[in-house]
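Taking it in order: structure first as structure tokens, then the write-up.
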Amino acid sequence: RVEYNKDFIIVHLPKVDKLNKSVLLEMKKLLEDWLEFCKTVGYSCIHTGILPDKKANRLVLMLGFKKIGTNEGYVIYQYGE
């Protein structure tokens, strides 16, 4: 799922029950495709927010997201730019 406004676009990452190399590579490819689309429509990067205690924080770092801060209890990450 994707949410957006005039300032940014947010990707809701799917729940991953079991992470392996093929899942990671597939998610990386999807992110690259989403980023290309986002840039086409005027966004320079993709954001996501994850609760601090979730395993997904490790996943987003493995995918290449960069931590940029926190907001309303979520850790905010940026991909691209």
Side-chain angles (χ1 to χ4, degrees):
R1 191 174 90 182
V2 174
E3 292 183 53
Y4 62 94
N5 67 23
K6 65 182 178 87
D7 299 318
F8 55 87
I9 190 161
I10 299 171
V11 172
H12 293 262
L13 297 173
K15 181 180 178 192
V16 177
D17 293 319
K18 186 172 184 178
L19 181 64
N20 58 37
K21 186 176 180 178
S22 66
V23 170
L24 187 64
L25 292 174
E26 183 179 345
M27 290 183 80
K28 184 74 171 166
K29 173 70 172 112
L30 285 171
L31 271 174
E32 287 298 322
D33 291 346
W34 289 343
L35 183 60
E36 184 177 333
F37 170 77
C38 292
K39 286 183 175 185
T40 300
V41 296
Y43 297 95
S44 60
C45 58
I46 299 170
H47 292 90
T48 195
I50 301 171
L51 291 170
D53 62 341
K54 299 294 180 184
K55 292 179 183 178
N57 287 286
R58 183 171 165 241
L59 170 62
V60 295
L61 293 173
M62 291 170 64
L63 289 170
F65 280 86
K66 304 277 190 273
K67 181 179 174 182
I68 60 169
T70 59
N71 188 35
E72 296 183 11
Y74 286 83
V75 180
I76 308 301
Y77 295 93
Q78 178 176 298
Y79 183 81
E81 191 172 88

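One-based numbering along the sequence shown. Scope of the values below: all heavy atoms of this structure, side chains included, with no hydrogens, waters or symmetry mates.
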Under the 3.5 angstrom rule, does the side chain of [X] hit a backbone N or O of [Y] as a donor-acceptor pair?
X     : Y     : value
Asn57 : Val60 : no
Thr48 : Tyr77 : no
Asn20 : Val23 : yes

Taking all heavy atoms of [X] and all of [Y], pick out the closest pair and write down the distance.
X     : Y     : value
Phe65 : Leu31 : CE1-CD1, 3.5 Å
Gly73 : Pro52 : O-CD, 3.1 Å
Ile9  : Cys38 : CD1-SG, 3.6 Å
Lys39 : Ser44 : CE-O, 3.6 Å

* To do: Taking the side chain as every heavy atom from C-beta outward, state whether Leu51 and Tyr74 have any pair of such atoms under 4.5 Å apart.
  =>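 Side chain of Leu51 against side chain of Tyr74, heavy atoms only: contact under 4.5 Å found.
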* Asked: Taking it one step at a time, do Met62 and Leu19 satisfy side-chain contact (heavy atoms from CB on, under 4.5 Å)?
  -> CA-CA 11 Å; Met62 291 170 64; Leu19 181 64; 3.9 Å; yes
* Asked: Of the options Lys66, Glu32, His47, which is the one that meets Tyr79 in a side-chain contact (heavy atoms from CB on, under 4.5 Å)?
  ->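 One option only clears the test, and that one is Glu32.
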* Evaluate whether atom NZ of Lys28 has more than 12 neighbouring non-hydrogen atoms of other residues, nucleotides or ligands under 6.0 angstrom away. =>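 More than 12 within 6.0 Å, yes.
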* Asked: Do Leu24 and Trp34 share a hydrophobic cluster (ILVMFWY, side-chain heavy atoms under 4.5 Å, transitive)?
  -> yes
